[in-house]
Undergrad: 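Mind having a look at this structure? Questions to follow.
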Amino acid sequence: MEKVMWLVLGATVMVASLRADRSQRARLVARIALGVLFLVFGAMVNAIYLVTDWDSFGAFGEMSQFAFVRDTWASLVATNTGLFIGLLIAGEATAGILVLSGGRRIQAGLVMLMAFHLGLLFFGWWLWLYAVPILGALSLLLRAELRHEPQQATRLVGPGS
């Protein structure tokens with residue numbers, strides 16, 4: 001189920017981000033889809049897997065095309081699954097909350113998610129099929145957010161103030 005939702009919500013983010021620069025509604029749709037994706041189908045699903053299927057995280061690093069990633073994952077992450085997957089869950093939840101929260105926090109959440117997806121590129125060529133397009137979508141969404149952020153009001157000070 002979560003794979004279907006990653007596909008549906010990820011596609012929604014990608015399509016909405018194409019219009020985000022011209023449409024406030026598209027920016028909102030992209031942010032909601034992204035926030036739900038990372039809060040529910042990222043953080044919450046990983047938390048459930050951490051409790052019910054602890055060993056599934058060990059296999060994730062084995063899919064990498066790089067030996068240093070496989071070796072580091074096996075020696076560091078697989079032996080400290082609770083710590084590292086707990087940090088992953090916290091990061092996904094934080095990014096999801098930031099993207100949903102509004103203001104400049106959206107930009108911080110988008111940057112976090114861009115870093116997350118850049119990291120995914122080290123874990124297998126098949127992840128490139130998802131991560132590269134979503135990185136493009138996140139870039140478009142960040143650009144739109146930067147262009148359309150409310151201008152800071154400047155205080156006009158009269159003479160002698």
Undergrad: For Tyr130 versus Met14, what's the shortest heavy-atom pair and its separation?
TA: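 Taking Tyr130 first and Met14 second, the nearest heavy atoms are O-CE, 4.4 Å.
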
Undergrad: Is Leu141 reachable from Leu37 through a run of I, L, V, M, F, W or Y residues, each pair having side-chain heavy atoms under 4.5 Å apart?
TA: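 Result: yes, single cluster for both.
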
Undergrad: According to the interplanar angle, ranging from 0 to 90°, do the rings of Trp6 and Phe38 count as parallel (below 30°), tilted (30 to 60°) or perpendicular (above 60°)?
TA: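 Trp6 vs Phe38 ring planes: perpendicular.
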
Undergrad: State yes or no: do Val29 and Ile106 share one hydrophobic cluster built from I, L, V, M, F, W and Y residues joined by side-chain heavy-atom distances below 4.5 Å, directly or via other members?
TA: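 No: no chain of side-chain contacts under 4.5 Å links Val29 to Ile106.
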
Undergrad: Just by distance, do the side chain of Ser64 and the backbone of Gly61 share a donor-acceptor pair under 3.5 Å?
TA: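 No; judged by distance alone, with no hydrogens or angles, the pair does not exist.
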
Undergrad: Using the ring of each side chain (for Trp, its six-membered ring), is Tyr49 parallel, tilted or perpendicular to Phe57, with breaks at 30° and 60°?
TA: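 It falls in the perpendicular class, over 60°.
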
Undergrad: Distance check, rounded to the nearest 0.5 Å: Leu98 atom CG versus Gln107 atom CD?
TA: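 Reported to 0.5 Å precision, the distance equals 11.0 Å.
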
Undergrad: Do Glu92 and Leu88 have side-chain heavy atoms sitting under 4.5 Å apart?
TA: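 The answer is yes; the side chains approach within 4.5 Å.
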
Undergrad: With a sphere of 6.0 Å drawn around CZ of Arg143, does it hold more than 12 non-hydrogen atoms of other residues, nucleotides or ligands?
TA: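 More than 12 within 6.0 Å, yes.
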
Undergrad: If you measure from CG on Asp53 to CG on Asp55, what distance do you get to the nearest 0.5 Å?
TA: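 The CG atom of Asp55 is 6.5 Å from CG of Asp53, to the nearest 0.5 Å.
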
Undergrad: How long is the span from the CG atom in Leu135 to the CG atom in Leu142, to the nearest 0.5 Å?
TA: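 Spacing of CG (Leu135) from CG (Leu142) equals 11.5 Å.
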
Undergrad: Heavy atoms only: give me the nearest Ala30-Val13 pair and the separation to one decimal.
TA: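 For Ala30 and Val13, the tightest heavy-atom pair comes out as O-CG2, 3.7 Å.
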
Undergrad: Minimum heavy-atom separation for Ala74 and Thr79, please, with both atom names.
TA: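 Ala74 and Thr79 have their closest heavy atoms at O-CG2, 3.7 Å.
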
Undergrad: Measure the spacing between CD1 of Ile89 and CD1 of Ile48 and express it to the nearest 0.5 Å.
TA: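 Between atom CD1 of Ile89 and atom CD1 of Ile48 there are 9.5 Å.
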
Undergrad: Donor-acceptor check, side chain of Thr72 to backbone of Val69, threshold 3.5 angstrom: yes or no?
TA: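 A pair under 3.5 Å: no.
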
Undergrad: Can you name the one residue among Ile97, Thr94, Leu34 that meets side-chain contact (heavy atoms from CB on, under 4.5 Å) with Leu39?
TA: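 Running side-chain contact (heavy atoms from CB on, under 4.5 Å) over Ile97, Thr94, Leu34 with Leu39 returns exactly one hit, Ile97.
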
Undergrad: Does Val8 belong to the same Ile/Leu/Val/Met/Phe/Trp/Tyr cluster as Met44, with side-chain heavy atoms less than 4.5 Å apart forming each link?
TA: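 Looking at the clustering, Met44 is in a separate group from Val8.
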
Undergrad: Are side-chain heavy atoms of Glu2 and Phe41 found at a separation under 4.5 Å?
TA: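 A side-chain contact exists here, since the closest heavy-atom pair is under 4.5 Å.
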
Undergrad: What is the minimum heavy-atom distance between Glu62 and Arg70, and which atoms define it?
TA: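 Minimum heavy-atom contact is O-CD, 3.5 Å.
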
Undergrad: Got a sec, which pairs hit ring-ring contact (aromatic ring centres under 6.0 Å, His included) with one end in residues 80-107, sequence neighbours left out?
TA: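 Not a single pair qualifies under ring-ring contact (aromatic ring centres under 6.0 Å, His included).
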
Undergrad: Mind checking the CZ-CG spacing from Arg104 to Leu146? Nearest 0.5 Å is all I need.
TA: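 Answer for the CZ-CG pair, Arg104 versus Leu146, is 9.0 Å.
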
Undergrad: So, Ser23 side chain and Ala20 main chain: donor-acceptor pair closer than 3.5 Å or not?
TA: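 Between the backbone of Ala20 and the side chain of Ser23 there is no qualifying donor-acceptor contact (under 3.5 Å).
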
Undergrad: Using modelled atom types and a 3.5 Å cut-off, is there a donor and acceptor pairing between side-chain atoms of Arg31 and backbone atoms of Leu100?
TA: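 Such a contact is absent between Arg31 side chain and Leu100 backbone.
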
Undergrad: Linking I/L/V/M/F/W/Y whenever their side-chain heavy atoms sit closer than 4.5 Å, directly or via other members, would Leu140 and Met114 fall into one cluster?
TA: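 Leu140 does not cluster with Met114.
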
Undergrad: Is there a chain of hydrophobic side chains (I, L, V, M, F, W, Y, each step under 4.5 Å between heavy atoms) that links Phe66 to Val132?
TA: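 Phe66 and Val132: one cluster.
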
Undergrad: Give me the atom names and distance for the closest heavy-atom approach of His117 to Ala131.
TA: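 Distance-wise, the nearest heavy atoms are O-CB, 3.8 Å.
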
Undergrad: Closest heavy-atom contact between Gln65 and Trp125?
TA: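 In terms of heavy atoms, the two residues are closest at OE1-N, 3.7 Å.
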
Undergrad: What's the spacing between Met112 CE and Arg105 CZ if we round to 0.5 Å?
TA: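 Nearest 0.5 Å value for the CE-CZ distance: 14.0 Å.
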
Undergrad: Would you please indicate yes or no on a ring centroid separation below 6.0 angstrom for Phe68 and Trp73?
TA: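 No, they do not, as the ring centres are separated by 6.0 Å or more.
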
